[in-house]
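Along the sequence shown, residues are numbered consecutively beginning with 1.
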Amino acid sequence: MANFSKPTVPRFSVDVYQNEFLPEGGRDVNAIVTVTSTGGGTVGAGAGGHGSAGVVIMVDCSGSMDYPATKMRGAREATAAAVDTLRDGTSFAVVAGTHVAKEVYPGNGRLAVADARTRAEAKEALRRLTASGGTAIGTWLRLADRLLSSADLTIRHGILLTDGRNEHESPEALRAALDACAGRFTCDARGVGTDWEVKEVTGIASALLGTADIVADPAGLAADFTAMMGQAMGKGVADVALRLWTPVGVEIAFVKQVAPTVEDLTGRRTEAGPRAGDYPTGSWGDESRDYHVSVRVPRAAVGQEMLAARVSLIAPDPAGGDPRPLSQGLVRAVWTDDLAMSTSINPQVAHYTGQAELADAIQAGLDARKSGDHDGATAKLGRAVQLAAASGNADTAKLLSKVVDVVDAVAGTVRLKAKVAEADEMTLETRSTKTVRVKR
């Protein structure tokens, strides 16, 4: 294992894509904000000290993991592969999740520090994992939070695997656990097999700013866990926020992440001073994400212009001072009587508006299909096929083709398939928010 002893800090850039021109009296301003982080991805590591990363792997060990036995075996192998991917000096722990949460390694309410010895010990402990009991995911998350809080860490991350529904605690208990953990660590969630609830797993990932996916075949777990851990090891800055400042009279319609997935951040705003609010984006490595910012400005006459919003990237100060700005971009509004200028839709804005509609159409179509509303399902999934084709989202189009027979993709004409494999339907639902980036 490589030992990265000198941390590097990513550099952030902000680019704004918009049509700033409005007709006389026009009020709605839309912009796509592209945030790019480069030059980081090697957070410092060192005995759990400041500047290090910590990861807790939560493995479902409920009784259903033994049916078939390949699930439990796959989970052990996947967790061992993830442990092997840990960078030297990374703090880590493994938790067994049933109707209670138990520490598998290292124990005693603490984190181990990754090296050849601790990785070998963790993998030996994994060999003793067996399946029994129920499922109460909120208890797993709360234990992960306690473990990650036991050391002074820059990056706090969780990886959660489940194969079933959260049947041994109430939805309110899980929601309370997610609320308690939000902002304290990020978490990637995976469902193995087809007996879990998509909205539960995607809800966990959404609340904790991680990724969600299905691993229908347990044989694919090791590769998935290795990739997830590799991405976690690439994070260099945590708790980054998108700060939106608006002048007097400007209203915020919404703030959404639109690439690589659709995630509505509007309701997660925390106030950050006069007319400013922060929207959480989680941890960053070398990557780029797109955000759709929509604001409503006061009406104005032709020839006037104004700053509609200032978008900044904010990160905590390692020394404990005020948050530090990383980069910023400006959203403008200019009123014109040129009809061509004021009615032109920016290609980036148009593309991501379609991607957000695509995600909504898939969800609505699948919900209608489950409730027996075949006409509604056909209409919504047909619209999804049309949007996927128009935007070049080939991955989503392929997933849709396993649920509907496509007669005319351009027109959105489809027929519901009489029989759909449960894994195919769950894969489409789980990945419905994944977007394709606009070609610039």
Side-chain angles (χ1 to χ4, degrees), residues 1-2 41-42 53 55-61 64-88 90 92-97 104-105 114 116 118-120 122-127 129 131 140 144 155 157-164 186-196 198 201-202 204-205 208 210-235 260-261 283 285-287 394-396 398-399 402 421-434 436:
M1 287 287 146
T42 53
V55 182
V56 174
I57 305 171
M58 293 159 272
V59 185
D60 190 338
C61 292
S64 58
M65 285 290 286
D66 254 348
Y67 302 95
T70 51
K71 280 197 288 189
M72 195 68 240
R73 185 167 64 248
R76 285 192 294 264
E77 292 171 353
T79 306
V83 168
D84 273 337
T85 311
L86 287 164
R87 192 173 54 248
D88 280 349
T90 302
F92 77 102
V94 180
V95 168
V104 174
Y105 183 83
T118 57
R119 279 191 288 268
K123 288 187 287 184
E124 180 62 30
L126 288 170
R127 294 175 60 185
L129 284 183
W140 314 356
I155 304 293
H157 194 79
I159 290 176
L160 184 148
L161 172 72
T162 184
D163 84 318
T186 58
C187 184
D188 294 323
R190 295 293 185 267
V192 60
T194 58
D195 294 328
W196 49 280
V198 172
V201 170
T202 56
I204 291 165
L208 301 182
T211 65
D213 208 348
I214 179 175
V215 185
D217 184 349
L221 278 172
D224 188 80
F225 266 45
T226 300
M228 266 196 297
M229 187 62 82
Q231 290 174 351
M233 292 295 93
K235 302 298 184 182
T261 59
S283 302
D286 280 351
E287 59 189 297
D395 288 344
T396 298
K398 184 177 180 180
L399 294 175
K402 296 182 178 181
E422 191 171 14
D424 289 337
E425 184 174 6
M426 291 177 71
T427 301
L428 175 61
E429 184 175 5
T430 305
R431 299 178 184 172
S432 63
T433 60
K434 292 183 183 295
V436 61

Side chain to side chain, E287 and K235, heavy atoms closer than 4.5 Å:
yes
When every non-hydrogen atom of V201 is compared with those of G191, the smallest separation belongs to CG1-N, 4.3 Å
Minimal heavy-atom distance between G164 and D60, with the atoms involved, is N-OD2, 4.0 Å
With a 4.5 Å cut-off on side-chain heavy atoms, are K402 and L428 touching? no
Which pairs of donor and acceptor atoms, one on a side chain in residues 67-75, lie under 3.5 Å apart (sequence neighbours left out)?
from : atom 1 : to   : atom 2 : distance (Å)
K71  : NZ     : S64  : O      : 3.4
K71  : NZ     : Y67  : O      : 3.2
K71  : NZ     : D163 : OD2    : 2.6

Is M233 close to V55 at the side-chain level, that is, under 4.5 Å between some pair of heavy atoms? yes
d(Q231 CD, D286 CG) to nearest 0.5 Å is 12.5 Å
To the nearest 0.5 Å, atom CG of L221 lies from atom OG1 of T79 at 8.5 Å
Does the side chain of T85 reach to within under 4.5 Å of the side chain of F225, using non-hydrogen atoms?
no
Check D395 with K434, please: is the shortest side-chain N to carboxylate O separation under 4.0 Å? no
Test side chain to side chain contact (heavy atoms under 4.5 Å, CB included), reference H157, set L208, T90, D188, V56, output is D188
Taking every heavy atom of G158 against every heavy atom of M58, the minimum-distance pair comes out as CA-CE, 4.1 Å
task = Answer with yes or no whether the side chains of T211 and R190 bring together a donor and an acceptor at under 3.5 Å.
result = yes
Smallest heavy-atom separation, C187 atom then L160 atom, equals SG-CB, 4.0 Å
**Message:** Do Y105 and T118 have side chains that approach each other closer than 4.5 Å (heavy atoms only, starting at C-beta)?
**Reply:** yes
For I214 and T430 the tightest heavy-atom approach is N-CG2, 3.9 Å
*Can you tell if the side chain of E425 reaches within under 4.5 Å of the side chain of V198, non-hydrogen atoms only?*
no
* To do: Please confirm whether the backbone N or O of L86 pairs with a side-chain atom of R119, one donor and one acceptor, at under 3.5 Å?
  => yes
Heavy atoms of A80 and L126 approach each other most closely as N-CD1, 3.6 Å
One should read off an interatomic distance between I57 CD1 and F92 CZ, to the nearest 0.5 angstrom, of 8.0 Å
Next item on the list: Taking the side chain as every heavy atom from C-beta outward, state whether W196 and M426 have any atom pair closer than 4.5 Å.
Entry: yes
